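As the structure is a computational prediction, the values presented were derived from the model and not from experiment.
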Amino acid sequence: SALRILERAFSLRKVHSIKDMENTLQLVRNIIPPLSSTKHKGQDGRIGVVGGCQEYTGAPYFAAISALKVGADLSHVFCASAAAPVIKAYSPELIVHPVLDSPSAVDEVEKWLPRLHALVVGPGLGRDDVLLRNVQGILEASKARDIPVVIDADGLWLVAQQPALIQGYQKAVLTPNHMEFSRLYDAVLRGPVDSDDRHGSVLRLSQALGNVTVVQKGERDILSNGQQVLVCSQEGSSRRCGGQGDLLSGSLGVLVHWALLAGPEKTNGSSPLLVAAFGACSLTRQCNHQAFQKHGRSTTTSDMIAEVGAAFRKLFET
Ligand SMILES: NC(=O)C1=CN([C@@H]2O[C@H](COP(=O)(O)OP(=O)(O)OC[C@H]3O[C@@H](n4cnc5c(N)ncnc54)[C@H](OP(=O)(O)O)[C@@H]3O)[C@@H](O)[C@H]2O)[C@@H](O)CC1
Ligand SMILES: Nc1ncnc2c1ncn2[C@@H]1O[C@H](COP(=O)(O)OP(=O)(O)OP(=O)(O)O)[C@@H](O)[C@H]1O
Ligand SMILES: [Mg+2]
């Protein structure tokens with residue numbers, strides 16, 4: 001019957017996608033640098049998070065600590081002055097610069113850029129005009145130095161106002177949630193998203209931005225660089241506490257650096273940034289799954305961060 005055929009087609013697609021997922025996970029494993037006694041501090045990643053303001057201090061903390069837990073050696077936060085003491089007090093592991101609301105913010109961050117491998121721009125940034133203008137300058141300076149940038153949260157708000165800021169920049173990855181994707185899509189393609197065609201929508205947005213890598217987070221994550229489309233449906237949970245996106249963008253900062261270092265030979269011709277993004281999505285969802293098994297409805301993002309080590313081992317060190 002027609003129903004049978006449909007069922008069969010669906011299960012075949014499912015089998016296929018599990019195989020695809022496994023193949024892509026293997027590419028992620030290929031880009032992970034081996035731990036070695038001959039490396040010096042900093043070699044496995046110096047990451048900067050640009051975000052954190054009066055209202056939001058958790059988001060930049062989650063992103064920056066996740067980068068460390070995934071394997072970066074040093075994690076910096078460039079935030080507004082009011083957020084700095086708070087973020088420092090959360091963690092002695094982070095290097096916190098209270099510069100984002102200073103008139104010399106761009107210069108202050110630019111001093112550090114030669115020593116950073118990737119920037120994560122937006123977690124907890126807020127939408128204050130002064131901060132956004134400074135972040136615009138930081139993005140321009142990062143592009144001029146060819147530094148990879150992951151743009152999330154309010155960084156995406158800025159990009160929706162000024163898509164030209166990242167248009168065509170091959171080292172940018174955008175990580176919009178549902179709302180952020182609609183806003184970006186509307187700003188760039190001047191029309192509403194076709195909710196029946198998520199693949200096509202992500203593909204078109206990436207193409208319209210000049211092949212910038214786009215990760216649309218959701219029940220399944222859809223990733224595209226304007227050429228290829230990947231789907232990540234790693235099992236997570238139904239718990240949707242705030243901050244999971246910050247864990248994803250912070251992890252992605254490190255993975256992007258590792259992927260670009262490894263280069264396309266290690267990713268079998270696939271885009272390194274797409275492979276990195278797939279790794280960060282899988283890892284975040286696996287952390288969510290493991291934390292939910294222990295904590296159920298009381299799961300919070302801190303519980304997920306406590307799972308990064310075990311989740312990483314399970315997915316990538318098998
Ligand atoms: N601990 C911290 O410091 C944290 C701080 N964070 C920081 O907060 C800042 C703002 O970020 P954001 O994500 O809240 O963005 P924003 O555009 O205001 O959208 C929010 C609204 O969108 C909607 N909505 C969402 N999903 C939807 C869906 N699937 N389908 C439909 N609607 C959906 C929903 O609207 P509602 O249901 O209320 O109508 C929701 O209220 C940013 O800096 C970020 O980093 C966070 O990282 C968390 C941890
Ligand atoms: N319905 C869902 N089922 C399973 N996983 C989901 C679902 N929605 C989102 N996720 C996962 O949660 C993570 C964060 O996505 P989400 O859409 O919550 O980001 P966000 O809104 O930016 O989060 P944040 O609160 O940090 O700002 C991603 O890894 C995504 O895969
Ligand atoms: Mg977010």
Side-chain angles (χ1 to χ4, degrees), residues 42 45-70 72-143 145 147-159 161 165-166 172-175 177 180 242-254 256-257 301-302 305:
R46 292 184 294 264
I47 309 302
V49 174
V50 178
C53 61
Q54 175 89 42
E55 293 90 338
Y56 306 123
T57 54
Y61 163 77
F62 289 143
I65 201 78
S66 298
L68 278 179
K69 291 287 179 188
V70 166
D73 291 335
L74 293 162
S75 194
H76 295 252
V77 178
F78 300 92
C79 59
S81 47
V86 182
I87 299 171
K88 287 175 199 271
Y90 293 151
S91 168
E93 290 158 322
L94 303 177
I95 302 162
V96 185
H97 309 264
V99 297
L100 267 197
D101 51 347
S102 146
S104 57
V106 180
D107 288 344
E108 298 284 341
V109 177
E110 212 170 358
K111 277 196 281 197
W112 283 93
L113 287 183
R115 279 180 272 176
L116 296 178
H117 296 117
L119 281 188
V120 180
V121 177
L125 175 61
R127 294 175 188 171
D128 178 89
D129 281 336
V130 172
L131 295 192
L132 292 180
R133 225 185 332 271
N134 288 337
V135 170
Q136 174 182 338
I138 293 165
L139 277 175
E140 280 160 353
S142 306
K143 276 196 305 187
R145 292 178 177 273
I147 293 173
V149 290
V150 175
I151 304 183
D152 187 30
D154 302 310
L156 296 169
W157 170 264
L158 176 64
V159 168
Q161 318 284 306
L165 259 181
I166 51 102
V173 185
L174 313 186
T175 55
N177 64 18
E180 290 155 349
Q244 301 182 33
D246 308 317
L247 195 169
L248 192 157
S249 60
S251 312
L252 183 50
V254 190
V256 157
H257 165 54
T301 297
S302 297
I305 289 167

Name all residues meeting the salt bridge (charged side-chain N to carboxylate O under 4.0 Å, His left out) criterion together with E108; count only those two or more places apart in sequence or in a different chain, and write none if there are none.
-> K111

Heavy-atom donor-acceptor pair, Q161 side chain to L158 backbone, under 3.5 Å = no

So L165 and E140, side chain to side chain contact (heavy atoms under 4.5 Å, CB included) or not? Walk me through it.
-> CA-CA 7 Å; L165 259 181; E140 280 160 353; 3.8 Å; yes

Smallest separation among heavy atoms of A83 and G52, with atom names = CB-C, 3.7 Å

What is the minimum heavy-atom distance between G124 and P60, and which atoms define it?
-> CA-CD, 4.1 Å

Counting N and O atoms only, with roles assigned by atom type, does the side chain of T301 sit under 3.5 Å from a partner on the main chain of G242, one being a donor and the other an acceptor?
-> yes

Contacts of Y90 that satisfy ring pair (Phe, Tyr, Trp, His ring centres under 6.0 Å) - sequence neighbours left out = Y61

Qualifying residues under side chain to side chain contact (heavy atoms under 4.5 Å, CB included), relative to A105, sequence neighbours excluded | N134

Under the side chain to side chain contact (heavy atoms under 4.5 Å, CB included) rule, what do F78 and L116 come out as? Steps first, then yes or no, please.
-> CA-CA 12 Å; F78 300 92; L116 296 178; 3.8 Å; yes

Identify all side-chain donor-acceptor contacts of residues 148-155 below 3.5 Å with residues at least two apart in sequence or on another chain.
unit_1: D152; atom_1: OD1; unit_2: T175; atom_2: OG1; d: 3.0
unit_1: D152; atom_1: OD1; unit_2: K217; atom_2: NZ; d: 3.4
unit_1: D152; atom_1: OD2; unit_2: S249; atom_2: OG; d: 3.3
unit_1: D154; atom_1: OD1; unit_2: R127; atom_2: NE; d: 3.1
unit_1: D154; atom_1: OD2; unit_2: G126; atom_2: N; d: 2.7

Straight-line distance of H97 NE2 to I87 CD1, nearest 0.5 Å | 11.5 Å

What distance do N177 atom CG and Q244 atom CD have between them, rounded to the nearest 0.5 Å?
-> 11.5 Å

How far apart are the closest heavy atoms of R46 and R115, and which atoms are they?
-> NE-O, 2.5 Å

Can any side-chain N or O of K88 pair as donor or acceptor with the backbone N or O of V96 at less than 3.5 Å?
-> yes

Could you check L125 against L132 for side chain to side chain contact (heavy atoms under 4.5 Å, CB included), going step by step and ending with a plain yes or no?
-> CA-CA 8 Å; L125 175 61; L132 292 180; 3.8 Å; yes

Determine whether L94 and L68 make a side-chain contact, defined as any pair of heavy atoms from C-beta on separated by less than 4.5 Å.
-> yes

d(S251 OG, I305 CD1) to nearest 0.5 Å is 8.5 Å

Should V120 and I47 be marked as a side chain to side chain contact (heavy atoms under 4.5 Å, CB included) after you check the CA-CA gap, both sets of side-chain angles, and the distance that decides it?
-> CA-CA 8 Å; V120 180; I47 309 302; 4.2 Å; yes

Find the distance between OG1 (T57) and CZ (F62) and round it off to the nearest 0.5 Å.
-> 9.0 Å

Closest non-hydrogen atoms of H117 and G42, given as atom of the first, atom of the second and distance, are CE1-O, 3.2 Å

Heavy atoms from other residues, nucleotides or ligands near CD of Q54 exceed 12 (cutoff 6.0 Å) | no

To the nearest 0.5 Å, how far apart are CD1 in I147 and CG in L119?
-> 6.0 Å

Side chain to side chain contact (heavy atoms under 4.5 Å, CB included) involving A80 - partner list, sequence neighbours excluded = C53, D101, L131

Could you state the interatomic distance from CG (L113) to CD1 (I138), rounded to the nearest 0.5 Å?
-> 8.0 Å

Residues passing the side chain to side chain donor-acceptor pair (under 3.5 Å) test with K143, sequence neighbours excluded, are none

Considering only heavy atoms from C-beta outward, does the side chain of S75 approach that of I65 to under 4.5 Å?
-> no

Of all heavy-atom pairs linking H257 and G45, the shortest is CD2-CA, 3.8 Å

